[in-house]
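Structure first, commentary second.
Starting from 1, each residue takes its place in the sequence as its number. All values reported here derive from a predicted model rather than from experimental measurement.
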Amino acid sequence: MAETETTSTRTPGITALRHSPLEQWAGAMREGSVAGPRGVSLREIPFLTMVGLRAAPGGADAEALCDVVGRPLPSRAGAVSGDPADIAVLWQGPDEFLVVGPDETVVPPALTADTTTTSPSPTADAPEPDRSALPTLSTSPLAQRLADALVASGGPGQVVDLSANRTTLELSGPSARAVLEKGCPVDLHPRAFPVGSAVSTTLALVQVLLWRTGEQTWRIMPRASFAQFTAQWLLDAMTEFASPEVA
């Protein structure tokens with residue numbers, strides 16, 4: 001019997017067709033990175049899952065959401081619960097939070113369904129399916145699980161998939177803080193902004209989320225439409241650290 005061609009051999013990997021906002025700047029960011037005692041490097045971490053939550057801490061809806069992410073909701077401004085290498089929850093307001101996790105894109109079965117088979121003509125008993133309702137890559141599995149948990153809780157909260165709204169830049173190295181201080185009004189001294197802090201602020205007049213994930217490592221999360229400007233500004237701000245410090 002002849003081997004049957006499977007859907008996976010006919011359909012290209014859809015996730016491989018994605019393009020991040022700074023994909024074309026990857027080389028420039030590598031070349032602009034500085035090594036040495038005054039070093040600083042820049043890279044994009046694309047396609048992170050980001051889900052906005054609205055829930056009053058302590059309520060049934062908040063508890064249901066926490067059960068899904070396996071993290072408590074942060075209780076104060078700037079606080080983060082969780083691990084940047086896994087899933088973390090960033091405080092955005094008294095009842096507003098951002099869940100950040102790894103890329104969890106799963107191609108829905110309907111997107112890889114066999115569309116070459118001739119379907120019978122629609123009838124009154126079997127109308128043509130609503131093609132506008134087909135699943136897409138725009139909703140992450142984590143967002144779907146959170147939304148399902150919220151509905152089951154009966155609470156008045158909100159779950160919104162924001163993964164395509166922002167991209168993530170990682171700035172690291174001994175001079176990373178000095179680079180940020182050129183354009184960020186927040187006090188970034190460790191006494192005021194320790195590891196594990198995250199706030200909404202501005203960088204070079206661009207609204208960003210700034211998250212300190214390590215002693216010398218920061219994540220900057222601009223909206224996708226401002227990603228190129230933010231990367232260019234950071235690369236320019238990094239330039240001086242390629243030269244010896246002037247005594």
Could you give me the CA-CA distance, side-chain angles and deciding distance for D236 and Q232, then say whether side chain to side chain donor-acceptor pair (under 3.5 Å) is met? CA-CA 6 Å; D236 182 70; Q232 286 179 293; over 6 Å; no
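- Residue R71 is tested with V99, D86, L65 for a side-chain contact (heavy atoms from CB on, under 4.5 Å); the sole match is D86.
- A62 approaches A56 most closely through the heavy-atom pair CB-O, 3.4 Å.
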Start with the C-alpha gap between L48 and M221, add the side-chain angles, then the distance that decides, and say whether side-chain contact (heavy atoms from CB on, under 4.5 Å) holds. CA-CA 10 Å; L48 291 180; M221 301 153 75; 5.7 Å; no
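- Applying the side-chain hydrogen bond (donor to acceptor under 3.5 Å, both in side chains) criterion to T167, with sequence neighbours excluded, gives E44.
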side-chain contact (heavy atoms from CB on, under 4.5 Å) evaluation trace for L53 with V159: CA-CA 5 Å; L53 305 180; V159 174; 3.9 Å; yes
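- L90 and L162 fall within the same hydrophobic cluster, defined by Ile, Leu, Val, Met, Phe, Trp and Tyr side-chain heavy atoms under 4.5 Å apart, directly or through other members.
- Residues that satisfy the side-chain hydrogen bond (donor to acceptor under 3.5 Å, both in side chains) test with E23, not counting sequence neighbours, are H19.
- A 4.5 Å side-chain heavy-atom check between R43 and M29 finds every atom pair outside the cut-off.
- Between V51 and A143, the shortest heavy-atom distance links the atoms CG2-CB, 3.9 Å.
- L42 is connected to V208 through a chain of hydrophobic side-chain contacts under 4.5 Å among Ile, Leu, Val, Met, Phe, Trp and Tyr, so both are in one cluster.
- Among E215, H189, Q216, the single residue meeting the side-chain contact (heavy atoms from CB on, under 4.5 Å) criterion with R177 is H189.
- In this structure a side-chain-to-backbone donor-acceptor pair under 3.5 Å is missing from T49 to V100.
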Derivation of the side-chain contact (heavy atoms from CB on, under 4.5 Å) call for M50 and N165: CA-CA 8 Å; M50 300 185 197; N165 185 39; over 6 Å; no
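- Follow the hydrophobic side-chain contacts under 4.5 Å out from L98 and you never reach I87; the two are in separate clusters.
- Atoms CG and OG, from D103 and S20 in turn, are 11.0 Å apart once rounded to the nearest 0.5 Å.
- Atom CZ of F193 sits about 6.0 Å away from atom CG of L188, to the nearest 0.5 Å.
- Considering all non-hydrogen atoms of both residues, D161 and S140 come closest at OD2-N, 2.7 Å.
- Contact record, A149 with A64: O-CB, 3.8 Å, taken as the closest heavy-atom pair.
- Residues W211 and L234 do not share a hydrophobic cluster, clusters being chains of Ile/Leu/Val/Met/Phe/Trp/Tyr side chains in contact below 4.5 Å.
- The shortest side-chain heavy-atom distance between S200 and Q207 falls under the 4.5 Å cut-off.
- Scanning all heavy atoms of the two residues, the minimum distance from F97 to P74 falls at CE2-O, 3.3 Å.
- The shortest heavy-atom contact between S175 and V40 is CB-CB, 4.2 Å.
- The distance from atom CG of L210 to atom CG of L169, rounded to the nearest 0.5 Å, is 11.5 Å.
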Determine, stepwise, if the pair L142 / V68 fulfils side-chain contact (heavy atoms from CB on, under 4.5 Å). CA-CA 8 Å; L142 176 59; V68 173; 4.1 Å; yes
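- Interatomic distance, CG of L235 versus CH2 of W25, reported as 7.0 Å (0.5 Å rounding).
- From R219, atom CZ reaches atom OG of S172 across 11.0 Å, with rounding to the nearest 0.5 Å.
- One distance of note links CE of M238 with OG of S33; it measures 4.5 Å at 0.5 Å rounding.
- Between L73 and C66 the shortest side-chain heavy-atom distance falls below 4.5 Å.
- Placement of V179 and I45 in two distinct hydrophobic clusters is found when ILVMFWY residues are connected by side-chain heavy-atom separations under 4.5 Å, directly or transitively.
- Counting only distance, with no hydrogens or angles, the side chain of T230 and the backbone of F226 share a donor-acceptor pair below 3.5 Å.
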